[in-house]
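Before any comments, here is the structure.
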Amino acid sequence: MNYDIIVIGSGPGGYVTAIRAAQLGFKTAIIEKENLGGICLNWGCIPTKALLKSAHVFNYLKHAEEYGLNKVENPGFDFSKVIQRSRGVATKMSGGISFLMKKNKIDVIMGTAKVQKGKKVAVTDKDGKTTEYSGEHIIIATGARSRELPNLPQDGVKVIGYRQALNLPSQPKSMIVVGSGAIGVEFADFYNSMGTKVTVVEFMPNIVPVEDEEISKHLEKSLKKSGIDIMTNASVESVDTSGTGVKANVKTATGNITLEADILLSAVGISANIEGQGFEEVDIQTDKGRVLVNDWYETSVPGYYAIGDILPTQALAHVASAEGITCVEKIKGLHVEKIDYGNIPGCTYCSPEVASVGLTEKQAKEKGYEIKVGKFPLSASGKATANGNTDGFIKVIFDAKYGEWLGCHMIGEGVTDMIAEAVVARKLETTGHEIIKSIHPHPTVSEAIMEAAAAAYGEVIHI
């Protein structure tokens with residue numbers, strides 16, 4: 001019952017932390033109340049990508065003739081099988097985490113955890129039995145859940161969160177999506193692709209509001225072209241679920257309107273899972289619903305650490321993993337660099353995909369940089385043209401004085417797999433001219449990054 005490290009939560013933050021701890025020689029246990037892999041593997045990142053893949057394959061079938069293939073007459077799908085495939089992918093990945101726990105000799109404790117004073121954790125199993133465990137270091141990685149607004153309560157049937165959206169018993173004919181961050185846009189794209197009439201309601205002036213404004217406007221244009229209705233500068237004031245569907249009272253700049261649909265998906269962000277964890281009893285400090293930590297993820301109480309979505313940092317799976325690795329390596333006494341939160345990539349897996357890292361053009365100007373901006377349209381890319389999808393562009397931003405790569409913003413097919421080039425290059429303090437002189441393979445879509453850099457310096461070849 002005594003461990004060097006106890007990790008609470010087995011999402012991408014928790015299980016990665018536990019594995020790295022075990023690799024470093026720590027006797028490690030991980031506590032999970034539901035399924036190994038947490039929300040990301042079971043109800044988030046992975047199953048949503050499986051759904052989107054089904055939607056994209058379906059879209060290819062509808063456009064077979066454009067590739068010289070015989071027309072697919074009346075391409076169709078079984079919605080329940082699409083959902084079933086997604087759930088199967090999630091189950092397989094969760095099973096993979098179980099294998100990794102055994103491989104690394106990590107004890108898996110199933111139950112609901114509550115931290116105690118004296119570096120202890122009480123775990124209550126499904127039968128109500130509570131067992132106490134002690135650990136020299138306790139790392140809390142309890143993640144987050146769908147955020148509920150007071151005027152938009154979720155009943156799980158007509159007003160749902162992302163979890164229900166992944167496992168609906170039947171396909172709705174119409175859907176209102178409130179919020180246009182990554183979760184909202186991805187579900188809007190999936191359901192629209194499968195034939196559901198989708199309306200997106202966004203409070204901010206632009207969809208995917210954290211992205212560069214040009215990217216946002218291009219995505220809005222593309223999604224509208226695909227048939228999604230988008231309302232920006234709008235907010236849902238109330239919902240009526242008394243009838244067969246949902247009626248949403250939406251406030252717009254020109255007045256209130258009523259939207260009707262079979263179902264409403266609330267995708268207005270997340271809330272950290274910090275309630276009922278014993279934080280108050282142990283005196284772990286929180287602020288505005290997040291746990292406060294130092295640069296090495298130690299809380300206000302020595303021996304207790306926190307990582308992932310319960311922190312004020314970016315609520316992304318890869319951030320949680322990096323925080324956990326940094327945390328245990330620091331505990332081990334290794335030389336560790338602080339995480340550079342200005343070099344975290346963000347990805348949205350709709351069609352077209354969106355990926356970005358660093359400063360937007362607006363942010364760079366606000367920080368006082370004199371900048372060089374380069375853009376390269378995928379319509380000028382040979383590989384994108386051959387692929388049959390030229391919707392999108394690459395945008396790069398450099399500091400005019402020193403050539404520092406300040407930001408990279410992409411929209412188009414496959415860009416979520418390309419953004420890592422910019423992340424690594426920025427980590428290595430690469431300049432714009434070094435990108436231009438780094439020979440990229442032809443024909444690839446990744447050439448567009450080199451071409452965009454060249455465009456910033458007036459050296460672009462293919463436009």
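- Checked against a 6.0 Å centroid threshold, the rings of F77 and F58 count as neighbours.
- Evaluation of the side chain to side chain donor-acceptor pair (under 3.5 Å) test over residues 408-428, restricted to residues two or more places apart or in two chains, returns Y60-E413, E337-K427, N343-R426, E353-T416, E421-H440.
- Within a 6.0 Å sphere centred on CD of Q314, other residues, nucleotides and ligands contribute more than 12 heavy atoms.
- Taking CD1 from I140 and CG from N273, the interatomic distance works out to 12.0 Å, rounded to the nearest 0.5 Å.
- Separation of atoms OH (Y297) and CD1 (I307) is listed at 9.0 Å; rounding is to 0.5 Å.
- In terms of modelled atom types and a separation under 3.5 Å, the side chain of D212 and the main chain of E361 share a donor-acceptor contact.
- Contacts of D189 classified as salt bridge (Lys or Arg N to Asp or Glu O under 4.0 Å), with partners at least two apart in sequence or in another chain: none.
- Within the 3.5 Å criterion, the main-chain N or O of A90 finds no donor-acceptor partner in the side chain of S94.
- Residues R147 and L149 form a side-chain contact, since some pair of their non-hydrogen atoms from C-beta on lies under 4.5 Å apart.
- A distance of 6.5 Å separates CD1 of I109 from CD1 of I6, quoted to the nearest 0.5 Å.
- Listed by first then second residue, pairs satisfying salt bridge (Lys or Arg N to Asp or Glu O under 4.0 Å) with a partner in residues 13-32 read R20-E329, not counting sequence neighbours.
- Remark: K120 pairs with E132 by the salt bridge (Lys or Arg N to Asp or Glu O under 4.0 Å) rule, at least two apart or across chains.
- At distances below 3.5 Å, not a single donor-acceptor pair connects side-chain atoms of E213 with backbone N or O atoms of E211.
- Within the 4.5 Å cutoff, no side-chain heavy atoms of L52 are placed close to those of F187.
- W405 and F398 have tilted rings, their planes meeting at an angle from 30° to 60° on a 0 to 90° scale.
- You'll find the side chain of V291 reaches within 4.5 Å of the side chain of I284, heavy atoms only.
- Here the closest non-hydrogen pair linking A355 and V415 is CB-O, 3.6 Å.
- Residue pairs that meet the salt bridge (Lys or Arg N to Asp or Glu O under 4.0 Å) test with at least one member in residues 93-106, sequence neighbours left out, do not exist here.
- One distance of note links CZ of R87 with CG of L51; it measures 8.5 Å at 0.5 Å rounding.
- Within 6.0 Å of atom CE in M110, more than 12 heavy atoms from other residues, nucleotides or ligands are found, so the atom counts as buried in its surroundings.
- By the 4.5 Å heavy-atom criterion applied to side chains, L311 and R290 are not counted as neighbours.
- Taking each heavy atom of K117 and V282 in turn, the nearest pair found is N-CG2, 3.8 Å.
- Without hydrogens or angle criteria, S300 side chain to Q285 main chain gives a donor-acceptor distance under 3.5 Å.
- Using a distance-only test at 3.5 Å, with no hydrogens or angles considered, a donor-acceptor pair links the side chain of E323 to the main chain of G308.
- Side chain of K158 to backbone of T241: a donor-acceptor contact under 3.5 angstrom is found.
- For E280, there are no salt bridge (Lys or Arg N to Asp or Glu O under 4.0 Å) partners, not counting sequence neighbours.
- The backbone N or O of I274 lies less than 3.5 Å from no partner atom in the side chain of Q277, so there is not a single donor-acceptor pair.
- Side-chain contact between M1 and T131 is present, with heavy atoms from C-beta onward closer than 4.5 Å.
- Listed by chain and number, the residues in a side chain to side chain donor-acceptor pair (under 3.5 Å) with N42 amount to none (sequence neighbours excluded).
- With 3.5 Å as the limit, one finds no donor-acceptor pair spanning the side chains of Y369 and Q363.
- The closest donor-acceptor contact from the side chain of N104 to the backbone of I106 lies at 3.5 Å or more, if one exists at all.
- The local environment of NZ in K92 is sparse, with at most 12 non-hydrogen atoms from other residues, nucleotides or ligands closer than 6.0 Å.
- S86 is linked by a side chain to side chain donor-acceptor pair (under 3.5 Å) to nothing, counting only residues two or more places apart in sequence or in another chain.
- The structure places CG of N192 at 10.5 Å from OG of S351, a figure rounded to the nearest 0.5 Å.
- Checking side-chain atoms of S321 against main-chain N and O of H318 turns up no donor-acceptor pair under 3.5 Å.
- Partner of H137 under the ring pair (Phe, Tyr, Trp, His ring centres under 6.0 Å) criterion, chosen from Y304, Y3, Y305, W296: Y305.
- Applying the side chain to side chain donor-acceptor pair (under 3.5 Å) test to T286 and every residue at least two apart in sequence or in another chain returns nothing.
- Within the 4.5 Å cutoff, the side chain of S98 has no heavy atoms near those of the V108 side chain.
- Within the cation-pi definition used here (under 6.0 Å to the ring centroid, within 45° of the axis), K332 qualifies as a partner of F26.
- Remark: R145 is not positioned above the aromatic ring of W43, lacking an NZ or CZ atom under 6.0 angstrom from the ring centre and at most 45 degrees off the axis.
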Problem - Stepwise side chain to side chain donor-acceptor pair (under 3.5 Å) check, T196 with Q171 - result: CA-CA 7 Å; T196 298; Q171 181 185 0; 3.0 Å; yes
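- Annotation: Y402, atom OH; neighbour count of heavy atoms from other residues, nucleotides and ligands within 6.0 Å does not exceed 12.
- Counting heavy atoms from C-beta on, the side chains of I30 and Y15 come closer than 4.5 Å.
- For K367, the salt bridge (Lys or Arg N to Asp or Glu O under 4.0 Å) test picks out no residue, with sequence neighbours left out.
- The backbone N or O of V157 lies less than 3.5 Å from a partner atom in the side chain of D155, making a donor-acceptor pair.
- With rounding to the nearest 0.5 Å, the separation of CD in Q164 from OG in S146 is 7.5 Å.
- For F99, there are no ring pair (Phe, Tyr, Trp, His ring centres under 6.0 Å) partners at least two apart in sequence or on another chain.
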Practice task
Go through the steps to decide whether Y162 and E186 satisfy the test side chain to side chain donor-acceptor pair (under 3.5 Å), and finish with yes or no.
Solution key: CA-CA 10 Å; Y162 59 79; E186 287 178 9; over 6 Å; no
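- Listed by chain and residue number, nothing satisfies the side chain to side chain donor-acceptor pair (under 3.5 Å) test with T112 (two or more places apart in sequence, or in another chain).
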